[in-house]
Amino acid sequence: MGDTHKPKSTIPQLEKATKPELLRALESSLGSSFSSEPICPPPNPLIIVISGPSGVGKDAVIRKLREGRENLHFVVTATSRPMRPGEVDGKDYYFMSKEEFLSMVDKNELLEYALVYGDYKGIPKRQITDYMAKGYDIVLRVDIQGAQTLRKILGNSAVFIFLVAESELELVDRLIDRKTETAESLLVRVATAREEVQHIKNFDYVVVNAEGKLDYAVKLVESIIDAEKAKVRQRRAVI
Ligand SMILES: Nc1ncnc2c1ncn2[C@@H]1O[C@H](COP(=O)(O)OP(=O)(O)OP(=O)(O)O)[C@@H](O)[C@H]1O
């Protein structure tokens, strides 16, 4: 029986050879030189969809993610809702009139859009394609309705993260403290949140954003992104 792995040349003893000599001997023995090319291709750009009931902390988590990570593009949603105090156009949302919004719809410039609490919200496609082409991962912040639509459009090509509070009571508490809602809109948001939790099963991951534990929730989201980037079978999003 022939030995197919028999070395073609002798490899010097480690202590008697320099590193280049050793490398050359190993290469000659293997019959080919060592490549410095990456063993694996770089991971595909990832689309990360972050969703959850109103007031659960989507903005808070995203704000922290933005501080701590490079190569992520946070898509700025277009909306026809009025600006809240402290919000900045082009940073928090692209604020526009209903007419301007509907013109984007006509031109098929939105990945998805919806009428939410009487106002339009939608995701501009262009931002996603431009940044993916530059190798950025994309973060989309959408409500549950938006996540469901995106799941239909993107299927398993994107990763879907559901953010929850530790309890219903905690969620209501946070919404009250935020002081952005009227009593009526509070009721709508809380009733909607009750129904929305039923949709967890359509997501890939769930992250609990517990009271005072925002950093932990952000860390978990980062770990999810890291794990997704290390997957052997990569998701491949096409917009
Ligand atoms: N882990 C946490 N502990 C305590 N407070 C938090 C935590 N996460 C978020 N908050 C606070 O809860 C409130 C709601 O959070 P945020 O505005 O980020 O929610 P949201 O999911 O983006 O809401 P919406 O969908 O209505 O825009 C904010 O005042 C925020 O500072």
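Being a predicted model, the structure only gives us computed values, none of them experimental. Both counts, for ligands and for their atoms, begin at 1 and track the order of listing.
Shortest contact from atom 10 (N) of ligand 1 to any protein heavy atom: Arg174 CD, 3.7 Å. Closest protein heavy atom to atom 14 (C) of ligand 1: Gly55 O, 3.4 Å. Scanning the protein heavy atoms around atom 26 (O) of ligand 1, the nearest turns out to be Ser54 OG, 2.7 Å. For atom 18 (O) of ligand 1, the nearest protein heavy atom (residue, atom name, distance) is Ala60 N, 2.9 Å. Nearest protein heavy-atom contact of atom 19 (O) of ligand 1 is Gly57 N, 3.1 Å. In this structure, atom 25 (O) of ligand 1 lies nearest to the protein heavy atom Lys58 NZ, 2.8 Å. Distance from atom 17 (O) of ligand 1 to its nearest protein heavy atom, with residue and atom name: Arg178 NH1, 2.8 Å.
Applying the under-4.5 Å side-chain rule to Ile, Leu, Val, Met, Phe, Trp and Tyr, the cluster around Leu186 extends to Val172, Leu175, Ile176, Val190.
Every atom of ligand 1 is numbered from 1 in the order shown, and the set under 4.0 Å from a heavy atom of Pro53 is 21 (O). Listed by atom number, the atoms of ligand 1 under 4.0 Å from Gly212 heavy atoms are 1 (N), 2 (C), 3 (N), 4 (C). Residue-ligand proximity, Arg141 to ligand 1, at heavy-atom distances under 4.0 Å covers atoms 20 (P), 22 (O), 23 (O), 24 (P), 25 (O), 27 (O). Remark: ligand 1 atoms within the under-4.0 Å shell around heavy atoms of Leu214 are 1 (N). Against a heavy-atom cut-off of under 4.0 Å, Arg189 is close to the following atoms of ligand 1: 26 (O). Atom numbering of ligand 1 starts at 1 in the shown order; those under 4.0 Å from a heavy atom of Ala210 are 1 (N), 2 (C), 3 (N). Residue Asn209 has at least one heavy-atom neighbour below 4.0 Å for each of these atoms of ligand 1: 1 (N), 2 (C), 7 (C), 8 (N), 9 (C).
At under 3.5 Å, not a single nitrogen or oxygen of Leu175, backbone or side chain, sits near a nitrogen or oxygen of ligand 1. Where the criterion is an N or O separation shorter than 3.5 Å, residue side chain and backbone included, Arg84 fails it with respect to ligand 1.
Residues Leu115 and Leu110 share a hydrophobic cluster, clusters being chains of Ile/Leu/Val/Met/Phe/Trp/Tyr side chains in contact below 4.5 Å.
A parallel orientation is assigned to the rings of Tyr131 and His73, their planes being inclined by less than 30° (bins at 30° and 60°).
No more than 12 heavy atoms of other residues, nucleotides or ligands lie within 6.0 Å of NZ in Lys219, so this atom counts as exposed by the packing criterion. The 12-atom threshold is not exceeded at CZ of Arg194, counting heavy atoms of other residues, nucleotides or ligands nearer than 6.0 Å.
Using a 4.0 Å cut-off between charged nitrogen and carboxylate oxygen, Asp226 and Arg69 count as a salt-bridge pair. Electrostatic pairing of Glu228 and Lys231 counts as a salt bridge here, judged by a charged N lying under 4.0 Å from a carboxylate O. Between Lys229 and Glu222, none of the side-chain N atoms (NZ, or NE/NH1/NH2) sits under 4.0 Å from a carboxylate O, so this pair counts as no salt bridge.
Protein heavy atoms are found less than 4.0 angstrom from atom 3 (N) of ligand 1.
Judged as a salt bridge (Lys or Arg N to Asp or Glu O under 4.0 Å), and not counting sequence neighbours, the contacts of Arg81 are Glu87.
Residues Phe162 and Pro53 have side chains in contact (heavy-atom distance under 4.5 Å, counting atoms from C-beta outward).
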Chi angles and distances behind the salt bridge (charged side-chain N to carboxylate O under 4.0 Å, His left out) call for Asp92, Arg84: CA-CA 10 Å; Asp92 298 296; Arg84 288 178 190 155; over 6 Å; no
